[in-house]
Engineer: 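Here it is: the structure, laid out below.
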Number of protein chains: 2
Amino acid sequence: MDMTTKLTAAAERLFDRHGYMATGMDRLTEAAGMSSRTLYKNAGSKAALMARVLTERDRRFMARVEVRTVDALFAALEDWVRVEGCRGCLFLRSRAETGGDTPEIAEAVAAHKEAFHRRIGEVVATDLGREDPALAEQVLVLFEGATHAAVYRGAQTVSAAKAAAAILVARARS
Amino acid sequence: MDMTTKLTAAAERLFDRHGYMATGMDRLTEAAGMSSRTLYKNAGSKAALMARVLTERDRRFMARVEVRTVDALFAALEDWVRVEGCRGCLFLRSRAETGGDTPEIAEAVAAHKEAFHRRIGEVVATDLGREDPALAEQVLVLFEGATHAAVYRGAQTVSAAKAAAAILVARARS
DNA sequence: TGCAATGTAAAACGATCGTTTTACATAAGT
DNA sequence: ACTTATGTAAAACGATCGTTTTACATTGCA
């Protein structure tokens with residue numbers, strides 16, 4: 001495991017658990033097991049590190065939602081929260097924490113959310129056999145809602161969203 | 001307008017727009033138009049101020065969702081985002097920013113989310129004529145999802161959630 | 001008139017922030 | 001054997017953090 005991977009993984013963990021602003025660089029160097037000199041040589045800055053964390057997380061997330069049905073989409077979310085926990089969307093949280101004023105972060109978030117939105121549209125279209133932007137928007141809302149409600153309601157929100165989506169898709173099909 | 005009200009209002013605005021951690025006390029004193037001495041005499045600490053902001057916001061929010069139907073619930077959310085904007089849920093954001101490690105904040109968030117969950121259950125029960133916890137969970141997910149998806153998709157997510165909820169309620173009724 | 005109360009302005013507190021630098025060790029490549 | 005790369009440990013940078021304090025002004029009530 002090279003230094004880049006180790007650093008990115010440690011940073012994602014700390015930023016996700018304690019927040020971006022609340023995580024100091026000293027804690028980061030300790031968790032990554034490297035000196036601050038090496039850290040900065042590798043990451044450039046704290047904001048750039050966060051941007052890289054988000055890009056890597058986007059890669060991992062988007063790989064998990066490469067599915068053909070809406071049902072599989074929420075099954076993927078069930079897996080995701082089982083593996084990653086329920087702390088809300090790190091992308092939206094990063095943007096909110098920085099007020100959208102850190103360009104590198106804001107861009108990574110925008111890119112992810114655009115890709116996510118496009119993917120939902122594709123999944124709905126594949127599942128339904130035709131495009132349905134209105135249904136796609138509802139599925140997106142359910143997905144986002146399950147993610148955030150899970151913070152205080154637990155993983156049951158994902159099955160609730162899955163069931164709701166199934167009803168909406170069935171209705172759109174007939 | 002007394003000092004307490006002015007301070008709480010200014011704090012809510014800054015915390016909401018720029019984040020809790022990113023907002024310094026100097027910016028707060030300037031926005032509230034008072035010296036730091038008066039501010040601390042009034043608020044005690046930054047965390048206590050945030051807790052007060054959340055309590056006040058809970059009061060304002062809960063007053064807006066004193067409704068009898070699921071449809072009116074999402075109409076209330078439409079009003080809310082028109083007035084307050086789309087920056088996600090300040091309660092979840094505060095908790096995430098502090099990693100849940102600030103008791104005063106964590107408690108205010110927990111209290112709000114519990115009250116919110118109970119209210120959704122009441123609205124669904126009133127609208128449906130009977131309790132339906134599963135439907136209530138779905139409505140909660142749609143509400144939370146509309147709130148957070150609106151950050152990058154705009155207020156249209158609220159009408160999408162409203163339409164989806166109407167379908168789910170109609171189905172539960174028959 | 002004089003005493004509290006309540007406010008401001010501003011300096012100071014120690015701590016911590018993100019970042020850079022200095023000084024030194026190790027290991028690989030020619 | 002000498003250079004280059006890559007790392008550590010630790011001090012230092014100036015800035016900013018949340019908070020307290022000092023010194024002084026204003027106001028309302030006895």
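Numbers restart at 1 for each chain; the letters A, B, ... are given by sequence-line order, proteins then strands. This is a predicted model, so every value here is computed, not measured.
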Engineer: Are any of the side-chain nitrogens in A:Arg27 or A:Glu30 under 4.0 Å away from the carboxylate oxygens of its partner?
Structural biologist: no

Engineer: Report the distance from atom CG of A:Leu7 to atom C1' of D:dT6, rounded to the nearest whole Å.
Structural biologist: 15 Å

Engineer: I need the CE-C1' distance between B:Met34 and D:dA25, as an integer number of Å.
Structural biologist: 18 Å

Engineer: Where each residue is assigned the nucleotide of DNA chain D containing its nearest heavy atom, which of A:Arg37 and B:Gly24 is assigned the position nearer the 5′ end?
Structural biologist: A:Arg37

Engineer: Just checking B:Gly44: base, sugar-phosphate only, or nothing, at a heavy-atom cut-off of under 4.0 Å?
Structural biologist: nothing

Engineer: Rounded to whole angstroms, how far apart are CG on B:Leu14 and P on D:dG18?
Structural biologist: 12 Å

Engineer: Could you give the OH-to-C1' distance, from B:Tyr40 to C:dA12, as a whole number of Å?
Structural biologist: 14 Å

Engineer: Would you say A:Ser45 reaches C:dG18's phosphate, i.e. side-chain N/O to OP1/OP2 under 4.0 Å?
Structural biologist: no

Engineer: Nearest to the side chain of A:Lys46, heavy atoms from C-beta on, is which of C:dT20, C:dC17, C:dG18?
Structural biologist: C:dG18

Engineer: Without decimals, in angstroms, what is the distance between B:Met3 CE and C:dG7 P?
Structural biologist: 6 Å

Engineer: Is it the case that D:dT20 (base atoms only) and B:Ser36 (side chain only) share a donor and an acceptor within less than 3.5 Å, ignoring hydrogens and angles?
Structural biologist: yes

Engineer: Rounding to a whole Å, what distance do you find between A:Lys41:NZ and C:dG18:C1'?
Structural biologist: 17 Å

Engineer: Just checking B:Thr29: base, sugar-phosphate only, or nothing, at a heavy-atom cut-off of under 4.0 Å?
Structural biologist: nothing

Engineer: Looking only at side-chain atoms of A:Met25, point me to the closest of C:dG18, D:dT20, C:dT8.
Structural biologist: C:dG18

Engineer: Please report, rounded to the nearest Å, how far the P atom of D:dT6 is from the CG atom of A:Asn42.
Structural biologist: 11 Å

Engineer: Any salt bridge linking A:Lys162 with A:Glu78? Criterion: basic side-chain nitrogen under 4.0 Å from a carboxylate oxygen.
Structural biologist: yes

Engineer: Is the distance from the ring center of B:His117 to that of A:Tyr152 below 6.0 Å?
Structural biologist: no

Engineer: Heavy atoms, side chains only, cut-off 4.5 Å: are A:His112 and A:Leu54 in contact?
Structural biologist: no

Engineer: With B:Asn42, which of B:Arg37, B:Lys6, B:Arg52 fulfils side-chain hydrogen bond (donor to acceptor under 3.5 Å, both in side chains)?
Structural biologist: B:Arg52

Engineer: What is the distance, to the nearest angstrom, from the CG atom on A:Asp26 to the P atom on D:dA12?
Structural biologist: 18 Å

